[in-house]
Structure formats: C-alpha cells, structure tokens
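Quick caveat: nothing in here was measured; it's all calculated off a predicted structure.
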Amino acid sequence: MIERWQLETNTFHLPIGEATITLEDVEVLFGLPVDGLPVAYPHALKDYRGLHYLHMLQRLTGFHPVEETALSGASHLQLTPIRQHLEAMYAEITDDSPPEVIDRHTRLLQLLMFGGVLFPNTSKNLVNMRFLHHLEQLDDLPGYSWGAAVLGYLYMQMCRACTGTQRDVVGFLPLVQVKT
C-alpha cells in the first residue's frame, strides 16, 4: 500500500479511485474518540529524561524494570519487561484487590496498548514514556481525542515510509486494512 500512498493529498491511489482514512472512520470503526482534549505533552515534561520517567513509572504503576537496558534512549521503554511483569502480576489480581492495585495494572496495560497497538514504533517493542502523563488520571483518558492522535501518527508514519526515511510502516495498521 505504501506505493499507492500520495504524500501531497494523504490518499491512496487505487485502481478504483482515491481512498483516504478519515476521523469518522477511526471513530465509527474502532470507537476511538475524535473530539476532546488534544493528546499533547505538557511543557513540564520537556526536560524529562530516563531517570525521571522511571520514577514516574514506579510511582504510577509500582513497576521498575530490573535491567537498565529496558530503557531505550531518553524516553522509551521496552515492552517485554512490562509484559513479563503483568503476567506475574495477573495472578495477584482478585475480586478483593484494592483499587490502587487495579489502577496500577490498568496503567501498565495502557502502556502496552500505546506502544504495541496505537502508537507502535519500528522496533515493535518500545513505548514512549511520555504517555505516562496521560495515565496519571485514568478517569480523564476518555476525554482525549485518541482517534485524531492515532490517525495523525499513522499519516506521519506513512509519509516517512513513502519518503524513505524509514523502512517499515508502523502505526495503527488496522485502519489501513479495514479502509483499503
């Protein structure tokens, strides 16, 4: 599909005509909200680096990766240690678990969803730690325009692949599969 992607118009040129992915598609097909607060990073996080994010991760989720290599660069964390931690934690979750434990578990699952499904990168094993900001208040998550952010990210990744600045196409690819 990347050969059919047109940078100028953000459309696919197909034998049957042009097609594009719209905000309505994102909302109707996948239930991701397209109205609401923008998915943006607060200015306060601009200077955060690995250690800051690790402290924030531990405070919000109770998780701290054992290996320092789990942190990639200044703001990315490998998904594998998160998956392993969740598998171990799953046995501890019961109907009697306190809300704090459930919230920590939910935040880790959200990180997996952000890095593995909605905003994956070419390694397919990293999540941007900047998403931790959005996980501070779990009740606020539905108020953000996740659909617009996912679509914008997918368009950016399609353009990068089309121009040759990256080899693989990443993003929320079910949008491409369903629409085209």
With ring pair (Phe, Tyr, Trp, His ring centres under 6.0 Å) as the rule and sequence neighbours excluded, what pairs involving residues 140-167 come up?
Trp5-Tyr155, Phe114-Trp146, Phe119-Tyr153, His134-Tyr144, His134-Trp146, Tyr144-Trp146
Pair listing, ring pair (Phe, Tyr, Trp, His ring centres under 6.0 Å) test, anchored in residues 57-82, at least two apart:
Phe63-His85
Which pair of heavy atoms, one from [X] and one from [Y], lies closest together, and at what distance?
{"X": "Leu57", "Y": "Pro65", "result": "CD2-CD, 4.1 Å"}
{"X": "Leu79", "Y": "Leu111", "result": "CD2-O, 4.1 Å"}
{"X": "Asp168", "Y": "Ala161", "result": "O-CB, 4.1 Å"}
{"X": "Leu54", "Y": "Met129", "result": "N-CE, 4.2 Å"}
{"X": "Leu126", "Y": "Ser123", "result": "CG-OG, 3.4 Å"}

Rounded to the nearest 0.5 Å, what separates atom [atom1] in [X] from atom [atom2] in [Y]?
{"X": "Met158", "Y": "Leu151", "atom1": "CE", "atom2": "CG", "value": "11.0 Å"}
{"X": "Gln110", "Y": "Leu60", "atom1": "CD", "atom2": "CG", "value": "12.5 Å"}
{"X": "Leu77", "Y": "Ile82", "atom1": "CG", "atom2": "CD1", "value": "4.5 Å"}

Tell me every residue that passes side chain to side chain donor-acceptor pair (under 3.5 Å) with Thr122, counting only those two or more places apart in sequence or in another chain.
none
The criterion is side chain to side chain donor-acceptor pair (under 3.5 Å); which residues satisfy it with Arg83, sequence neighbours excluded?
none
Between Leu32 and Leu118, is the side chain to side chain contact (heavy atoms under 4.5 Å, CB included) condition met? List the steps.
CA-CA 10 Å; Leu32 292 170; Leu118 298 176; 4.2 Å; yes
Give a yes or no on whether the backbone of [Y] and the side-chain of [X] come within a donor-acceptor separation of less than 3.5 Å.
{"X": "Arg107", "Y": "Leu135", "value": "yes"}
{"X": "Ser145", "Y": "Val34", "value": "yes"}
{"X": "Asn125", "Y": "Thr80", "value": "yes"}

Any chain of hydrophobic side-chain contacts (each under 4.5 Å) joining [X] to [Y]?
{"X": "Leu141", "Y": "Phe172", "value": "yes"}
{"X": "Val28", "Y": "Leu173", "value": "no"}
{"X": "Met113", "Y": "Leu29", "value": "yes"}

Let me see the working for Tyr53 and Ser75 under side chain to side chain contact (heavy atoms under 4.5 Å, CB included), right down to the final yes or no.
CA-CA 7 Å; Tyr53 285 119; Ser75 63; 3.6 Å; yes
Between Val150 and Leu175, does a side chain to side chain contact (heavy atoms under 4.5 Å, CB included) hold up when you go through it step by step?
CA-CA 10 Å; Val150 164; Leu175 281 172; 4.1 Å; yes
Between Thr22 and Asp25: side-chain donor-acceptor atoms closer than 3.5 Å:
yes
Pairs in or reaching into residues 69-80: which pass salt bridge (charged side-chain N to carboxylate O under 4.0 Å, His left out), with residues at least two apart or in two chains?
none
Are Ile93 and Ile102 close enough, and set up right, to give a side chain to side chain contact (heavy atoms under 4.5 Å, CB included), and what steps lead you there?
CA-CA 7 Å; Ile93 301 285; Ile102 303 294; 3.8 Å; yes
Set of salt bridge (Lys or Arg N to Asp or Glu O under 4.0 Å) partners for Glu136, sequence neighbours left out
Arg59
